[in-house]
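Only one structure is covered here, and it is reproduced in the block below.
As the structure is a computational prediction, the values presented were derived from the model and not from experiment. Below, chain A is the first sequence line, B the second, and so on; all start at residue 1.
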Amino acid sequence: MAIERYNAPAREKHWQAEWEKGDIFRAGDPAQGPKCYVLEMFPYPSGRIHMGHVRNYTMGDVFARYKRAKGFNVLHPMGWDAFGMPAENAAMERKTHPGTWTYANIEAMKAQLKSLGFALDWDREIATCSPDYYRHQQQLFLDLLKKGLAYRRSAKVNWDPVDMTVLANEQVIDGRGWRSGALVEQRELTQWFFKITQYSQELLDALSTLDKWPEKVRLMQANWIGRSEGMLVRWALENGTAPAGHEVVQVYTTRPDTLFGASFLALAADHPLAKAAAENNSELAAFCEECRRMGTSVADLETAEKKGFDTGIRAVHPLDAAWTLPIYVANFVLMDYGTGAIFACPSGDQRDLDFARKYDLPVVPVILPPGADAATFEIGTEAYDGDGTMMNSRFLDGLDTKTAFEEVAKRLEAAKLSGKAVGERKVNFRLRDWGISRQRYWGCPIPIIHCEFCGVVPVPAKDLPVRLPDDASFDKPGNPLERHPTWKHVDCPTCGKPARRETDTMDTFVDSSWYYARFTNPHSETPIDKQALAYWLPVDQYIGGIEHAILHLLYSRFFFRAISDAGHSGKNLREPFAALFTQGMVTHETYFQRDAEGKPIWLEPDMVRIDGEGAARTAHVIDTGEPAQIGDIIKMSKSKKNIVDPDQIIQHYGADCARWFMLSDSPPERDVQWTDEGIAAAGRFLQRVWRVVDVVQDLTGGPKPDRMAESPPPEAAELRKAAHRALSAVGQNIETLRFNVAVAQLYDLANVLGGAVNKSSEYAISAPLDHYALREPLREATELLVQMIAPMMPHLAEECWARLGYNTLLANQPWPAADPALLVDDEVTVAVQVNGKRRDELKIVRTASNADVEAAALKLESVIRALDGRKPKKVIVVPQRIVNVVG
RNA sequence: GCGGACGUGGUGGAACCGGUAGACACACGGGACUUAAAAUCCCGAGGCUUAACCGCCGUGAGGGUUCGAGUCCCUCCGUCCGCACCA
């Protein structure tokens with residue numbers, strides 16, 4: 001009988017409609033048993049999904065479908081990270097409203113996601129740009145404000161004078177705005193901040209509890225938080241050298257043990273003492289100005305030469321009143337870290353050393369590295385910042401670094417300078433408060449009113465949400481909210497006098513810092529439904545890209561704590577994501593030609609024909625026949641044109657095929673390379689499963705035979721074992737997100753099954769009784785295979801399930817249980833080594849004693865030959881694994 | 001510069017806790033079916049040597065621990081990623 005090819009695109013629509021009809025992916029009520037919250041990082045609605053989305057959401061979907069089959073009440077929601085710059089850019093370019101553009105994109109992408117057959121609870125869909133969402137965010141902001149976790153202060157920002165907007169650091173390229181190309185300025189603006197630093201220690205400490213997070217992410221966060229233990233040291237300024245009113249300068253140091261190696265102090269250009277000194281010194285003022293301008297370009301910073309300017313002020317050494325040191329303003333000292341002032345020990349710090357050499361300042365070695373000779377040790381061009389033995393340090397000489405630290409700390413804590421201790425121990429963090437103000441339209445309005453008389457007034461809860469005006473104009477750069485004719489004018493809620501609205505909107509990372517909590521009940525009238533949250537949180541498996549390792553994930557960890565402390569959680573829970581998985585990217589080979597100037601012109605994969613293999617591969621442009629170059633295999637990106645459109649793949653091969661390929665071959669945390677061969681192989685497998693199911697149905701669907709074989713053929717037992725082993729292994733591998741291994745095991749089972757099907761067809765003619773004896777195992781293995789592929793290729797699995805005669809949805813079937821009796825063999829194969837080298841293998845009953853195994857091994861001809869007449873000295877037997885004869 | 005990860009056939013990768021390296025897939029070669037092709041099915045395959053068996057070599061390089069190392073330790077090389085004047 002001729003079998004029709006499985007028509008994936010047509011049947012997939014059918015099954016999607018069936019699932020929808022049954023509403024089967026709606027998350028159950030909290031009463032319904034053990035829960036499992038599966039979440040993938042929600043997408044920005046750019047307009048079309050890309051292969052990265054397909055991979056990310058397929059992984060989550062497999063996990064969610066599997067957990068559902070295992071009996072969990074699964075929450076698997078989807079939403080849209082819908083605020084942000086691209087919508088405003090689109091508005092500028094296409095003269096559409098950001099909202100119109102965004103919602104059209106959402107509709108298009110939603111249709112794409114549906115065409116992939118994801119088991120999502122669409123009833124919980126969230127778009128962060130919807131007033132239904134952002135009004136709650138405004139409420140949360142006000143609650144944080146009340147708690148003192150949100151505040152306003154003046155801060156330096158990257159300002160693009162052409163676009164008239166603040167730029168994030170990553171939007172400043174070589175000191176210029178990424179869009180306008182204008183030289184970016186540092187501007188002092190009053191900005192809103194969240195007090196993430198209040199949680200520095202907790203965020204750091206709690207990392208150790210996140211044992212289901214990748215070590216890499218935890219390490220990156222720990223480095224980002226950047227805890228250091230040191231001292232604040234107060235230095236007296238020498239009389240007559242300092243500007244009036246300045247008597248002390250405070251520095252932060254992690255190495256008070258090196259105080260006797262100090263040769264100068266250095267201030268940031270923005271340090272108050274530097275500013276004061278610059279008032280009467282125009283050269284110094286000019287130098288400070290130069291330092292300020294430098295701040296923006298990352299590339300400049302890397303290569304910038306260490307520069308300084310002597311203020312003429314001198315500081316008194318805290319351990320020797322007779323010793324004074326010069327104070328410089330230096331371009332490498334940051335106002336944002338520590339106190340904006342340092343003492344420099346050139347022998348122990350490379351920057352200080354470079355600086356000292358340039359300005360001819362003393363370099364005194366104070367730490368002798370282990371093994372070095374004190375008589376000859378000197379500092380050349382490299383500072384020594386390791387531990388060792390103190391030298392040239394008076395009362396510290398001979399102590400080790402740590403003891404010296406303690407000794408100095410003790411003395412400085414006891415010493416007094418104008419009534420206060422000279423030194424105090426201080427833990428410092430690199431993490432800074434989170435600036436959330438953005439001078440943009442398409443974001444969540446900050447619900448604040450500025451009143452000339454009452455100051456900063458929160459918008460009363462009853463007036464929320466503060467809605468974005470629909471009639472803003474996007475024809476000019478700058479903040480549309482700021483120049484809107486009426487929106488910002490509002491009466492003060494306290495005194496009723498004319499006042500103005502805050503025109504800044506929130507950073508979009510605020511939106512994504514709590515969406516996972518909102519998903520637990522997105523229809524709640526309060527920002528968070530405490531009961532729903534208590535049941536569903538934490539997220540049991542969170543999946544997303546490594547690029548969010550710090551920002552999004554750290555902000556979320558902070559924000560969840562902050563809103564919990566503001567009374568929104570009601571559950572003793574600090575971490576929102578119990579398990580995190582970071583998936584790799586989808587890559588593709590690139591192709592290009594060079595233009596007259598040698599710049600690459602990228603070519604779409606479809607435009608190129610590849611011939612040959614290995615190093616001899618060549619590429620040609622199909623239309624013109626011109627030769628082209630084969631470039632690197634890199635992340636799919638529009639600019640390199642190495643993209644493959646999921647829609648086209650779905651139309652051609654079907655969603656299941658795309659899903660299967662995205663799970664195959666590469667470990668999920670690593671990059672996967674898209675190849676035409678790979679997707680074709682997935683397509684072949686899909687058809688093969690369909691054919692096998694079809695044949696098995698024909699072979700086994702008929703009436704029961706009246707006679708069976710007395711002893712079934714060997715294929716029967718082998719097939720049963722293979723099926724149950726796969727069942728056990730595939731379940732575990734899905735559980736641990738090792739999808740590529742699960743896929744390989746399913747291929748394996750399909751191979752065994754295919755062999756058995758062929759045998760059965762043969763027996764049907766030559767040995768009918770054997771044919772009948774294979775019927776039950778064939779059917780069992782086939783059904784198990786179909787059930788196991790269901791999380792990965794859910795449409796095909798439904799189709800097969802129906803073909804096998806069932807009229808129920810496979811998506812509603814429980815995950816089958818493996819028969820433990822079939823997971824162990826009666827007979828095992830044991831490798832036989834002689835002197836650690838494999839020489840043979842031995843089939844023996846599983847329960848054989850070590851002595852039996854040893855005896856059997858020593859009888860093997862291969863062993864006797866390898867021993868070459870020597871007597872075995874020792875025999876090591878690892879039961880059921882290996883026997884090693886040492887001789 | 002600092003921190004981290006990784007290095008296995010022609011390719012992607014597998015190998016539980018130190019116990020048969022190369023599962024599975026791609027690419028390749030051979031065969032069956034076909035007038036032919038596609039599709040499908042079967043078979044082969046790490047390298048060297050061999051007619052074949054045998055044998056030798058083999059997880060980036062070198063050394064070590066062990067009866068036994070892809071796996072553990074040390075040194076080096078290479079690739080990738082993160083952070084980067086953090087005092």
Side-chain angles (χ1 to χ4, degrees), chain A residues 3 5 214-217 219-220 222-224 226-228 230 251-255 258 266 268 294 298 301-304 306 330-334 336-345 348-352 354-355 382 385 428-432 546-547 549-550 613-615 633 661 664-667 669-673 675-678 680-682 684-685 687-688 691 729 732 738 740-751 754-755 757-758 829-842 862 865-866 873-887:
Chain A
I3 304 158
R5 276 175 71 79
E215 183 60 38
K216 184 187 164 90
V217 174
L219 197 74
M220 279 164 75
N223 289 340
W224 189 264
R227 184 183 196 273
S228 65
V251 308
Y252 178 71
T253 179
T254 55
R255 299 295 300 269
T258 64
M294 221 187 59
V298 178
L301 281 178
E302 278 171 26
T303 51
K306 310 272 167 289
N331 64 351
F332 64 88
V333 181
L334 305 173
D336 288 336
Y337 188 79
T339 61
I342 61 163
F343 88 80
C345 171
D349 183 289
Q350 195 59 44
R351 289 158 306 168
D352 297 348
D354 294 346
F355 193 93
E382 275 184 40
D385 62 2
N428 204 31
F429 293 93
R430 181 182 170 279
L431 183 67
R432 289 175 221 155
I546 186 76
E547 67 273 20
I550 293 172
E613 58 182 284
I633 297 162
F661 178 39
S664 308
D665 294 342
S666 286
E669 69 277 11
R670 267 194 245 172
D671 291 353
V672 65
Q673 189 191 347
T675 59
D676 292 344
E677 291 77 21
R684 280 202 296 274
F685 179 70
Q687 295 297 342
R688 199 166 121 217
R691 270 197 312 275
Q732 275 173 39
R738 290 150 45 87
N740 59 318
V741 183
V743 163
Q745 283 155 345
L746 289 169
Y747 269 115
D748 222 350
L749 176 58
N751 289 343
V757 167
N758 289 345
T829 307
V830 175
V832 182
Q833 296 181 337
V834 177
N835 292 332
K837 198 168 272 193
R838 182 181 169 277
R839 294 292 172 181
D840 209 338
E841 59 183 34
L842 188 64
S862 50
R865 185 169 55 226
K873 289 191 205 120
K874 188 160 134 191
V875 179
I876 291 141
V877 178
V878 179
Q880 297 169 52
R881 291 241 141 154
I882 204 162
V883 43
N884 189 9
V885 181
V886 185

| A:K837 side chain: which of B:A87, B:C57, B:C67 is closest? | B:C57
| field | From CG (A:N751) to CG (A:L746), nearest 0.5 Å | value | 11.0 Å
| request: Report the distance from atom CD1 of A:I550 to atom C1' of B:G3, rounded to the nearest whole Å. | output: 12 Å
| query | From B:C81, B:G13, B:A87, pick the nucleotide closest to the side chain of A:T254? | reply | B:A87
| task | Whole angstrom is fine here: how far is it from CE in A:M220 over to P in B:A84? | result | 10 Å
| field | C1' gap between B:G68 and B:A21, integer Å | value | 14 Å
| note | The glycosidic conformation of B:G9, counting syn as within 90° of 0 and anti otherwise, is syn
| said: Run the side chain to side chain donor-acceptor pair (under 3.5 Å) test against A:R227 and tell me which residues pass, sequence neighbours left out. | reply: A:Q201, A:E229
| said: Restricting to side chain to side chain donor-acceptor pair (under 3.5 Å), what partner residues turn up for A:E215, sequence neighbours left out? | reply: A:R218
| message | What is the distance, to the nearest angstrom, from the NZ atom on A:K874 to the C1' atom on B:G68? | response | 10 Å
| 5'-most by nearest nucleotide on RNA chain B - A:R670 or A:Y337 | A:R670
| message | With a 4.0 Å limit, can you tell me whether A:R839 has a side-chain N or O closer than that to the phosphate oxygens OP1/OP2 of B:C56? | response | yes
| task | Could you measure between the two C1' atoms, the one in B:G44 and the one in B:G82, and give it in whole Å? | result | 45 Å
| field | Check: A:F332 and A:D352 side chains under 4.5 Å, non-hydrogen atoms | value | yes
| remark: Output for pair (A:L842 CG, A:I882 CD1), nearest 0.5 Å, gives 12.0 Å
| field | Nearest-0.5 Å distance that lies between atom CZ in A:F429 and atom OH in A:Y337 | value | 9.5 Å
| request: Determine the Euclidean distance between corresponding C1' atoms of B:U8 and B:G22; express it in Å to zero decimal places. | output: 8 Å
| When all nucleic acid strands are considered with a 4.0 Å heavy-atom cut-off, which category describes A:N758: base, sugar-phosphate, or nothing? | sugar-phosphate
Check nucleotides 23-26 of chain B against the protein and report each pair of N or O atoms closer than 3.5 Å, with its distance, or say if there are none.
from: B:A25; atom 1: OP1; to: A:N751; atom 2: ND2; distance (Å): 3.2
from: B:C26; atom 1: OP1; to: A:R684; atom 2: NH2; distance (Å): 2.8

| Atom CD in A:Q745, atom CG in A:D748: separation rounded to 0.5 Å? | 7.5 Å
| task | Mark yes or no for whether A:N428, through its side chain, and A:S228, through its backbone, hold a donor-acceptor pair below 3.5 Å. | result | no
| message | Strictly below 4.0 Å: does A:R432 bring a side-chain N or O up to OP1 or OP2 of B:C86? | response | no
| request: Select base, sugar-phosphate, or nothing to describe what A:R738 touches, counting heavy atoms under 4.0 Å on all strands. | output: sugar-phosphate
| Can you name the nearest heavy-atom pair linking A:V877 to A:V883, along with the distance? | CG2-CG2, 4.0 Å
| A:Q732: partners by side chain to side chain contact (heavy atoms under 4.5 Å, CB included), with sequence neighbours left out | A:S728
| field | Protein-nucleotide distance (A:L431, atom CG; B:C83, atom P), rounded to Å | value | 15 Å
| query | When the C1' atoms of B:A69 and B:G58 are considered, how many whole Å apart are they? | reply | 14 Å
| message | If the test is side chain to side chain contact (heavy atoms under 4.5 Å, CB included), which one of A:V834, A:V875, A:N835 qualifies with A:V886? | response | A:N835
| task | Using whole Å, report how far CD of A:Q732 lies from P of B:A15. | result | 12 Å
| message | Under a plain distance cut-off of 3.5 Å, with no hydrogens placed, do A:Y747 and A:S664 share a side-chain donor-acceptor pair? | response | no
| remark: Separation of B:G12 atom C1' from A:D676 atom CG, nearest Å, is 15 Å
| query | Roughly how far apart, to the nearest Å, are B:G9 and B:G60 at atom P? | reply | 7 Å
Pairs under 3.5 Å (N/O, protein and nucleotides 18-22 of chain B):
from: B:U20; atom 1: O2; to: A:R838; atom 2: NE; distance (Å): 3.1
from: B:U20; atom 1: O2; to: A:R838; atom 2: NH2; distance (Å): 3.4
from: B:U20; atom 1: O2; to: A:E841; atom 2: OE1; distance (Å): 3.3

| remark: Rounded to whole Å, the CD-C1' distance (A:E669 to B:G13) equals 12 Å
| Can you tell me how far C1' in B:C83 sits from the matching atom in B:G64, rounded to whole Å? | 34 Å
| said: Using the C1' atom as the point on both nucleotides, what is the distance between B:G18 and B:A45, in whole Å? | reply: 30 Å
| query | Does B:C72 sit syn or anti, given that only angles within 90° of 0 count as syn? | reply | anti
| task | May I have the distance from A:D349 (atom CG) to B:G1 (atom C1'), rounded to whole angstrom? | result | 12 Å
| How would you label the contact of A:L334 with the nucleic acid (heavy atoms, under 4.0 Å): base, sugar-phosphate, or nothing? | base
| message | Has A:R255 got a side-chain atom pairing as donor or acceptor with A:D385's backbone, closer than 3.5 angstrom? | response | yes
| request: Would you state whether a donor and an acceptor, one from the side chain of A:K873 and one from the base of B:C67, lie under 3.5 Å apart? | output: no
| Does A:R430 have a side-chain nitrogen or oxygen under 4.0 Å from the phosphate oxygens OP1 or OP2 of B:C83? | no
| request: Write down the distance separating the C1' atoms in B:A15 and B:C85, rounded off to the nearest Å. | output: 46 Å
| query | Base, sugar-phosphate, or nothing: which does A:T253 touch, judged by heavy atoms less than 4.0 Å apart? | reply | sugar-phosphate
| task | Can you run through RNA chain B from 5' to 3' and write each base as (, ), [, ], | or . depending on how it pairs? Watson-Crick or G-U wobble, both distances under 3.5 Å. | result | (((((((..(((......[....))).(((((.......))))).(((......)))..(((((..]....))))))))))))....
| task | Could you please spell out the steps behind the side chain to side chain contact (heavy atoms under 4.5 Å, CB included) verdict for A:F661 and A:T675? | result | CA-CA 10 Å; A:F661 178 39; A:T675 59; 4.2 Å; yes
